[in-house]
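Read through the structure below, which is laid out as structure tokens, and then see the notes.
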Amino acid sequence: MRTFFGFLSGLVFGVGLVISGMSDPAKVLNFLDVAGTWDPSLAFVMGGATLTAFIGYRLVWRRPKPVLDTSFDVPKATHIDPDLVVGSAMFGIGWGIGGFCPGPAWTALPLLEPGTIIFIIAMLAGLWLGLQAKAGQILTKVGSTR
């Protein structure tokens, strides 16, 4: 049951990304190009998402636990650390360069556009490298080859 509702949630999210135009990198890049061909329509997407999240979180936090789990799985950290700053900066810069973030890239993957495929491969490689770096294995491997 939990897997089914997880799939259903992902499906609704993905359809929303496609309908809003977030899976089109040109639309995202035009939104970010305020000095050029600026397209403000994604501001409505952000506004709708912010309003939905605001109301949804108010309703969810009134519950003692999730419907399909025993506890809420939320981050425990309450401080801003270098990992958060660097990761956020890399995410934003990558989004600004490519016009994609992970969710919309996955929804655009069935179109098999070369840019989307390259983005997905680079994103997966970056995730793997990040995990290796966080585990300290990259430095160990580099050190062992010298």
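All values derive from a computational prediction rather than experimental measurement.
Pairs engaging residues 34-51 under the side chain to side chain donor-acceptor pair (under 3.5 Å) rule: Lys27-Asp39, Lys27-Ser41, Asn30-Thr37, Asp39-Ser41 [sequence neighbours left out].
Side-chain atoms of Thr52 never come within 3.5 Å of backbone atoms of Ala49 as a donor-acceptor pair (strictly under, hydrogens ignored). Panel note: side chain Thr116, backbone Leu112; no donor-acceptor pair is recorded below 3.5 Å.
A continuous path of hydrophobic side-chain contacts links Leu109 to Phe100 [ILVMFWY only; heavy atoms under 4.5 Å]. Val34 and Leu32 fall within the same hydrophobic cluster, where Ile, Leu, Val, Met, Phe, Trp and Tyr residues are linked whenever their side-chain heavy atoms come under 4.5 Å apart, directly or through other members. By the rule that hydrophobic residues join a cluster once side-chain heavy atoms approach within less than 4.5 Å of another member, Leu111 and Val28 end up as members of separate clusters. Residues Leu127 and Phe119 share a hydrophobic cluster, clusters being chains of Ile/Leu/Val/Met/Phe/Trp/Tyr side chains in contact below 4.5 Å. Residues Leu129 and Phe91 do not share a hydrophobic cluster, defined by chaining ILVMFWY side chains whose heavy atoms lie under 4.5 Å apart.
Geometrically, Arg58 engages Phe54 in a cation-pi contact, judged by NZ or CZ lying under 6.0 Å from the ring centre and within 45° of the ring axis.
Side-chain contact between Met123 and Ile120: present, with at least one pair of heavy atoms (C-beta onward) separated by less than 4.5 Å. In this structure, the side chains of Phe31 and Met46 come closer than 4.5 Å at one or more pairs of heavy atoms.
The two residues Gly103 and Leu17 have their closest heavy-atom pair at C-CD1, 3.6 Å. Shown here for Trp95 and Leu29, the closest heavy-atom pair between the two residues is O-CD2, 4.3 Å. When all heavy atoms are compared, the tightest approach of Leu68 to Arg2 is O-CD, 3.7 Å. Between Ser23 and Ala108, the shortest heavy-atom distance links the atoms O-CB, 3.6 Å.
We find the CH2-SG distance between Trp106 and Cys101 to be 13.0 Å, quoted to the nearest 0.5 Å. Taken to the nearest 0.5 Å, the CG atom of Asp83 stands 13.0 Å off from the CD1 atom of Ile80. Of the inter-residue distances, the one linking Lys134 atom NZ with Leu131 atom CG reads 8.5 Å to the nearest 0.5 angstrom.
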Inset, instruction - Evaluate the side chain to side chain contact (heavy atoms under 4.5 Å, CB included) criterion for residues Val74 and Trp61: first the C-alpha distance (whole Å), next the side-chain angles of each, then the deciding distance (0.1 Å), finally the verdict. - result: CA-CA 11 Å; Val74 294; Trp61 290 129; 3.4 Å; yes
Inset, instruction - Dump the intermediate steps for side chain to side chain contact (heavy atoms under 4.5 Å, CB included) on His79 and Leu84, then the final yes or no. - result: CA-CA 9 Å; His79 63 282; Leu84 177 64; over 6 Å; no
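In this structure, Asp81 places its CG atom where more than 12 heavy-atom neighbours from other residues, nucleotides or ligands lie under 6.0 Å away. Around atom CZ of Phe72, more than 12 heavy atoms belonging to other residues, nucleotides or ligands sit under 6.0 Å away.
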